[in-house]
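Accompanying notes for the structure given below.
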Amino acid sequence: MSRTRFSGIRPVKELRKLERGFWNAAVPSTCVVPLQQHVGSSIAPLVKKGDVVREGMIIADGPGRFAVPIHAPIPGKVSFIGTTRLFDGTSCPAIMIELFGEFDRLGRETERRQWESLDPPMLLESIHQAGVVAYGASPLPLHLLLRRNALERNAVVVLDLAETEPYLTADTELTCTYPDAVAEGFNIIASILGSNGKHVVSSGGNGRALRAVRRVLGRSVRVHRVAHRFPANLESQIRAAILGSRSGNGQSFRVMPIRPSTAYAVYEAVVLAKPQIERVIAVGGGAVARPAHVRVRIGTAVADILAECGGLTETPSRVIAGGPLTGSIVTNINAPIVKNTTAVVALTAKETGSGDTVSCIRCGACVRACPVAINPTLIHDLIRAGRMEEAEQAGLSECVECGLCSHVCPARIPLVQRIRESKR
Amino acid sequence: MSSAVHRTFPHSFRALTVSGIYRRLSLAMVIPVSVAVAAGGITALIMVSATVAGAVAADHVATRISPRQGFSPVDFRAVYVGLAVAALLSVDTPPLVGAGSAAVAIIVGVWLFGGPGLYRVHPALVGPAVLGVSFSGSAIIREGGAAPAVQVSQELIARLDSLVLEPLGVRIPQEGWQLLFGAVVPDGGALVLGLVFPILLGSLILFAEDLLPAVLPGSFLFFYTLGVWLLGGLPENWGAGSPLDAVFLTQAPFVMLYLTADPGIRPATTVGMVAFGGFAGTLAAILWITGSVAVPTVVALFVSGMLVAVLDSLTTRRP
């Protein structure tokens with residue numbers, strides 16, 4: 001087992017810890033399913049108002065390999081086809097389904113498929129048809145990612161257990177509850193990629209999930225421990241962790257990090273022939289009555305998810321979809337969750353800790369925190385002075401937009417925000 | 001900041017703000033200063049009050065003139081500088097001189113450099129330095145002394161020796177007790193000189209609140225004591241080369257902990273801080289051994305402050 005240390009910060013502790021494990025949230029009486037849940041070509045509805053749909057049935061798809069089908073998360077009747085407002089207030093085509101009829105999967109035993117005899121194209125097609133998107137910063141269709149890496153034949157598949165952002169603990173709970181399924185999904189991906197080396201990267205604070213996975217995968221994987229700091233699972237960091245071991249030395253390869261939730265979705269798609277219609281998310285923050293993890297149907301409203309966890313005990317300062325450092329602010333509490341949503345966090349004013357911007361005191365906190373070793377203050381100053389060429393030379397394009405510089409800045413200077421604006 | 005900027009991540013921020021940093025620094029510094037005031041009596045209290053008032057008044061005036069930043073009574077920056085200046089002055093410093101030192105520290109040390117965050121030499125060192133040059137005939141700050149800060153009965157020490165330490169085979173010489181309880185000189189020495197335990201107690205706030213990366217005082221202390229040890233001879237030859245004397249009988253603990261805790265005067269990177277501490281510590285050791293200046297650690301920090309920009313340019317990425 002190798003151990004690697006990175007820059008960054010010690011992750012801020014959650015104000016209130018989330019309960020371990022997870023439960024199935026109540027099935028919502030209405031699901032609003034956005035049709036644009038992935039990066040790629042747009043898709044169109046295959047149903048019309050008044051149609052009766054079954055659980056897991058394809059309700060929208062598009063031409064071309066960049067399209068990912070969308071499935072009905074609940075059985076029912078299509079009551080509306082139009083647009084809905086997402087978390088950030090933007091509009092998106094959507095299909096509204098009202099609960100009606102019986103479930104095809106919920107509460108029923110599912111027959112297990114033997115995937116070992118299937119060739120990679122068939123496995124990829126199963127993943128495509130299940131509408132699986134890769135969890136991460138950008139929700140790319142997983143089958144495309146895998147196909148690209150499979151063609152190059154030099155990918156190293158890595159199970160990423162190094163998520164250290166506060167509240168993003170759903171993957172840990174999923175791994176601890178279903179280690180066999182996560183491991184099998186991981187093996188399926190490795191099989192598609194024809195990967196010679198299988199690796200697990202885990203942060204120091206994620207020992208539970210690592211132990212669970214190791215019990216299943218045994219010695220078939222190489223385990224790399226990284227320091228419990230945020231961020232710990234940037235691609236460059238995972239690559240460095242693997243290069244630090246003997247297996248990576250001197251080899252040119254592409255790293256393919258796989259989150260446990262992605263591996264689990266692949267398992268469901270290939271082994272259980274189940275489309276991606278639900279996911280486990282973390283519901284936390286100081287304003288939530290019962291911080292916990294719940295498995296919810298895609299298209300469930302944020303308000304319903306918060307209600308599932310006892311509602312709010314106080315008016316939150318911000319509601320976030322995702323982690324408090326890299327998530328998106330929720331401006332519409334009735335917006336539906338999408339496949340890429342990892343958490344819903346209702347932060348109190350104490351947790352948010354925002355304040356007025358004052359002059360920089362040159363404390364260097366941003367420099368010490370930056371995981372890619374650039375000087376955010378200097379770049380910020382150069383951007384403000386309009387000296388973009390110098391800002392580029394100082395590493396503007398190398399910024400990974402993790403938000404740490406703004407997070408640690410005592411002067412509350414919007415460093416990452418301005419860097420991001422200038423990059424676009 | 002536009003509302004669009006507010007809507008993007010991060011959504012949570014580290015608890016410390018600029019005023020929060022200086023509020024905590026002031027709180028930490030109040031601990032040794034309070035002990036010194038208790039030892040120095042009403043004279044010390046008047047001197048400290050005048051010095052802090054001078055700093056706050058000067059900051060108020062400067063912020064009214066400068067468009068760069070507004071004055072806020074809850075902004076503890078001036079209080080911190082005022083307390084630091086008071087801690088470096090002796091008890092018998094006239095209150096007006098104290099207030100003047102603090103005002104010079106703020107006006108010259110902070111605002112002449114361009115304002116908060118733009119200075120590289122600790123402002124608290126600038127005020128006394130300017131006054132020291134102006135009144136070169138009389139040393140404003142002196143180091144070294146022998147009067148114990150905490151008066152402990154000799155009988156109590158003897159009883160402690162006979163009942164607790166001797167059965168354990170431990171014997172602490174008289175000089176050891178003197179060092180343990182600190183050696184402060186109310187007549188001429190700096191206010192917090194020798195108050196090692198109150199200084200360490202206050203520094204718990206600095207470390208617990210993550211105000212001071214431990215690598216900086218650690219590097220300073222290591223190079224300072226190593227330098228004194230190497231330059232002054234082996235530890236058997238206690239005297240000028242005694243690292244313990246160099247730490248306990250100077251303002252080294254205060255300088256290393258409370259002055260380097262000001263974020264503006266230290267390098268940004270960890271490597272820079274190690275180099276900064278190493279340079280300052282070595283220089284302080286040379287000054288202590290040669291006896292060329294009365295306040296070696298203060299002068300060493302003053303000189304090292306000029307290196308911060310160089311260290312930053314060497315250790316951070318620049319175009």
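Numbers restart at 1 for each chain; the letters A, B, ... are given by sequence-line order, proteins then strands.
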Spatial distance of atom OG (A:S359) from atom CG (B:L118) [nearest 0.5 Å]: 7.5 Å

Against chain B, work out which of A:C409, A:P166, A:A391, A:G364 has the most heavy-atom pairs shorter than 4.5 Å and name it. A:G364

Rounded to the nearest 0.5 Å, what separation is found between the CZ atom of A:R362 and the CG atom of B:D312? 9.0 Å

Side chain from CB out, backbone as N, CA, C, O: work out which of these in A:A411 comes under 4.5 Å of a heavy atom of chain B, or both, or neither. both

Looking at A:E389, I'd like to know if its CD atom is crowded, meaning that more than 12 non-hydrogen atoms belonging to other residues, nucleotides or ligands lie closer than 6.0 Å. no

Which region of A:L382, side chain (C-beta onward) or backbone (N, CA, C, O), has a non-hydrogen atom less than 4.5 Å from a non-hydrogen atom of chain B, or is it both or neither? side chain

With a 4.5 Å cut-off on side-chain heavy atoms, are A:N375 and B:R317 touching? no

Before giving the answer on side chain to side chain contact (heavy atoms under 4.5 Å, CB included), spell out for A:I361 and B:I21 the whole-Å C-alpha distance, their side-chain angles and the decisive distance to 0.1 Å. CA-CA 11 Å; A:I361 57 166; B:I21 287 174; 4.2 Å; yes

Ranked by heavy-atom pairs below 4.5 Å to chain B, first place among A:E390, A:Q393, A:R368 goes to A:R368

So, the part of A:E398 with a heavy atom under 4.5 Å from chain B: the answer is side chain

Calculate, to the nearest 0.5 Å, the distance between atoms SG and CG belonging to A:C363 and B:L211 respectively. 11.0 Å

Turns out that what part of B:T316 lies under 4.5 Å from chain A's heavy atoms comes down to side chain

Okay, A:V367 and chain B: the region with an atom under 4.5 Å from a heavy atom over there is side chain

Choice from B:G272, B:G20, B:G264, B:A268 maximising heavy atom contacts with chain A below 4.5 Å: B:A268

